[in-house]
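These notes are about the structure you will find just below.
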Amino acid sequence: MVATTLPETSDAQSHWDALAAKARWQNRAKNISLFAFLIAVSVPIIVPYFWLVTLAFSASLGGTDTEVLWASIFILVPALIVLWAWAAIANSRQNAVIGCGVISIATAVIYAILIGDKLHLNGFRFLVDPNFNTQNESIVGAQNNPGFSVATFPSVWRAAGNSLFVAGAQTLIVTMVGSLAGYYISRFKFPLRASMLRSMLVLHAFPTMTLIVPLFVVLWFIGLLDSLWGVMFVLVGIELPFAVFIMKGFFDAVPWEVEMSALADGATRRQAFVKVVLPQVTNGMIAVAVFSFIRGWEEYIFMLTFLIKNSNWTMSLYLFFITEENSLGIDFGLVSAVSVFYVIPSLVLYTVAQKYLLQMSVAGVKG
Amino acid sequence: MARIEFRHIEKRFGDVMVIPDMNIDIPDGEFVALLGPSGCGKSTSLFMLAGVYLPTGGELLFDGHRVNEVEARDRNVGIVFQAYALYPHMTVRENIMFPLRFKKVPPDEARARVLEAAELVQVSELMDRRPSQLSGGQQQRVALARALVKQPQLLLLDEPLSNLDATLRLTMRSEIKSLQRRLGVTTILVTHDQIEATTMADRVICMNKGEIEQIGSPDDLYLRPNTLFVAGFIGSPPINLVDGQAENGHLRAGEGTFDVTGSLPRRVTVGLRAEHMRFGDAGMPGRVRQVEPMGRETLYEVDTDIGTIRVLEAGSTAAHRIDGQVKIAFDRGDTLIFDSDTGRLVPDAHFAANGSA
Ligand SMILES: Nc1ncnc2c1ncn2[C@@H]1O[C@H](COP(=O)(O)OP(=O)(O)OP(=O)(O)O)[C@@H](O)[C@H]1O
Ligand SMILES: [Mg+2]
């Protein structure tokens with residue numbers, strides 16, 4: 001064989017180099033446009049939250065100034081863009097990390113110099129001062145709204161405690177009962193099994209608002225109206241079917257044989273369940289727990305309808321009444337600060353449990 | 001160690017009859033293979049022995065004692081499942097240790113036994129890994145160690161080699177066999193691979209659709225199959241089966257007529273093993289249709305008067321070409337004649353002469 005059509009070596013080399021360079025640039029262009037797209041899409045979602053946070057730390061009483069918001073946006077958005085661009089262009093991992101660090105520090109310094117003195121924690125006074133509302137009343141409420149009776153607010157910690165109790169107890173029950181029932185449905189045949197599964201999905205699709213009046217009557221009858229336990233049980237009832245359904249999906253993914261193997265290895269049925277099956281569905285249990293907790297923490301309608309005494313207020317009611325109270329005389333700083341305080345647990349939970357929540361969408365599909 | 005008996009064991013799932021009537025007697029220390037096609041009830045039989053399934057009828061005896069209702073955990077049976085069923089959230093060490101957690105074994109002794117079992121199947125270097133970090137063969141060994149660590153009186157292996165590659169399968173085959181010899185534990189191996197069954201076991205139980213077709217040594221099943229099913233299932237390449245009719249003392253198959261000794265039912269099936277066929281100067285004429293070199297042997301497909309016949313000849317180079325004219329001969333003693341309607345062997349019927357038309 002004779003080599004006739006091959007170009008000379010150096011030529012060929014530069015040819016391949018050019019192709020490689022082209023591929024690199026195409027990749028970068030792709031990354032940059034992807035980031036640009038993500039930024040554009042996330043702006044409408046992020047800006048309101050961003051505003052909430054800036055207001056919580058900067059609003060002054062009675063005013064709705066947007067100065068800090070705009071300043072923050074003008075500093076942070078370009079900084080973010082530079083950050084992303086650098087991450088896309090940097091030619092080594094080390095360079096990327098160093099560059100990003102430098103940009104972040106520079107941004108923080110500029111931010112502190114330009115806006116630092118406008119930031120304050122006044123909005124968060126409700127955390128420590130039980131009489132925070134009198135300040136509000138004397139300055140705005142009393143002037144603009146003579147004769148308007150200001151509700152007495154319980155301590156915010158009490159409200160947070162109530163929320164924690166309702167969400168926590170609900171989570172505990174839903175996760176435990178959901179796991180046991182999910183296991184039973186996954187493993188055993190019994191009459192009406194299929195229709196039971198179907199009805200569970202239908203139940204979840206049912207708009208809960210339609211249940212408010214009957215639930216009110218039921219709670220009143222059994223004496224659990226205006227009781228945290230009452231709301232908690234209602235939430236359990238609403239959340240449980242879906243939890244059972246999700247957990248069934250996770251149990252379905254655990255092979256029969258593993259369980260049989262545990263039995264043959266000398267475990268009782270209960271030991272096999274606890275030591276071999278449960279550890280394989282912990283991800284599912286975490287996912288279900290996180291969702292029920294957040295559901296309970298964020299629940300508002302049932303709380304508003306079934307809870308009356310202010311010592312029974314949950315965080316959602318607390319925020320509601322703060323907003324209500326301030327709808328005429330406005331303390332945006334306070335409202336935003338309460339909102340931020342209210343949102344933080346959900347945010348933290350979501351961030352920590354992300355991994356498990358993603359798995360839920362996978363395992364849940366198997367039905 | 002235990003002697004195992006199935007007495008009229010029946011198993012049904014709801015309306016589905018899986019095993020109608022099963023009778024087996026396995027002496028202490030024997031290595032038995034349960035052989036049959038997919039879905040014939042092999043795993044179901046094993047699970048009844050392990051105590052995971054309850055028989056719906058009959059008696060299951062260990063050493064002469066009825067154990068039908070005895071719980072799985074009290075039977076001291078070691079089992080390796082089809083998919084190994086290791087505990088994914090535990091390390092290899094914890095997996096092997098698991099059965100000992102339920103026996104009152106002192107911790108020191110337990111650790112020693114785990115090590116011993118791990119060394120027996122050569123997984124001592126993998127003790128801190130999780131099952132997902134092991135290859136199929138390693139998982140299989142760990143499952144074996146877990147089954148052996150409790151010193152079971154009965155060892156059950158459900159297609160333990162089906163997920164391994166050909167070489168590893170060969171190694172594990174001989175390892176399991178010698179392990180069983182050494183420990184002397186009564187062992188039941190489930191498989192749908194006839195070579196696995198015949199090479200490893202002392203005795204083979206051939207099953208079909210929940211019924212036992214034949215129990216015997218590997219030789220018995222190969223040379224003296226009781227039924228058409230066994231004849232067709234055992235042997236590779238598969239046996240030649242030729243349909244024929246009895247006609248006043250003769251046997252007609254296709255265009256050919258044969259003299260037969262013994263009395264025949266009306267419709268028969270003749271079984272001729274490919275490796276018993278040979279090419280010769282005299283015999284059944286035919287034309288070669290297909291030649292398949294198989295290493296040390298060559299497989300021919302030959303069109304004859306009685307249909308297409310497979311012939312296996314020693315030698316890697318083909319002595320005959322496609323479309324070549326050949327004559328096929330065989331010994332009369334190697335012919336098997338079955339009743340087509342019942343599928344059973346007609347024991348005293350043979351060809352009257354060595355193979356010729
Ligand atoms: N839990 C069950 N419910 C209903 N039918 C079952 C159940 N388990 C097994 N069967 C049926 O019993 C028959 C035998 O199943 P088994 O698992 O014993 O087959 P097998 O011989 O082990 O097959 P394979 O080689 O594929 O593992 C099959 O037809 C199967 O459909
Ligand atoms: Mg099986």
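Quick caveat, the model's predicted, so the values are computed rather than measured. Just so we're on the same page: letters track the sequence lines, and every chain starts at 1.
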Option in B:A147, B:A83, B:A143 with maximal non-hydrogen atom pairs under 4.5 Å from chain A: B:A83
Pairs of heavy atoms under 4.5 Å with chain A: top-ranked of B:R146, B:K103, B:M90: B:R146
Side chain [X], main chain [Y], donor-acceptor under 3.5 Å:
X	Y	result
B:Q180	B:V185	yes
B:R113	B:V149	yes
A:Q280	A:V276	yes

Run the numbers on B:R173 and B:E196 for salt bridge (Lys or Arg N to Asp or Glu O under 4.0 Å), then give the verdict. CA-CA 7 Å; B:R173 223 152 73 183; B:E196 223 167 272; 5.7 Å; no
Part of B:L86 within contact of chain A (heavy atom distance under 4.5 Å): backbone
Going by residue number, which parts of [range] are within reach of chain A, meaning a heavy-atom gap below 4.5 Å?
range	value
residues 34-51 of chain B	B:F47
residues 67-78 of chain B	B:A72, B:R73, B:V77
residues 93-101 of chain B	B:F98, B:P99, B:R101

Which residues pass the side-chain contact (heavy atoms from CB on, under 4.5 Å) test with A:P241, not counting sequence neighbours? A:M200, A:L203
Taking the six-membered ring for Trp, are A:Y184 and A:F190 closer than 6.0 Å centroid to centroid? yes
The residue among A:M260, A:E259, A:E257 that forms side chain to side chain contact (heavy atoms under 4.5 Å, CB included) with B:V52 is A:M260
Examine B:K11 relative to B:Y53 and say whether NZ or CZ is less than 6.0 Å from the centre of the six-membered ring and inside a 45° cone about the ring axis. yes
Anything under 30° is parallel, anything over 60° is perpendicular, the rest tilted; go ahead and classify B:H89 against B:Y87. tilted
Between A:T268 and chain B, which part of the residue has a heavy atom less than 4.5 Å away: side chain, backbone, both or neither? both
Scan side-chain atoms only and decide if A:S292 and A:E239 contain a donor-acceptor pair under the 3.5 Å cut-off. no
Between B:R181 and B:D202, does the salt bridge (Lys or Arg N to Asp or Glu O under 4.0 Å) criterion hold? Intermediate values first, please. CA-CA 11 Å; B:R181 284 278 139 73; B:D202 306 322; 3.2 Å; yes
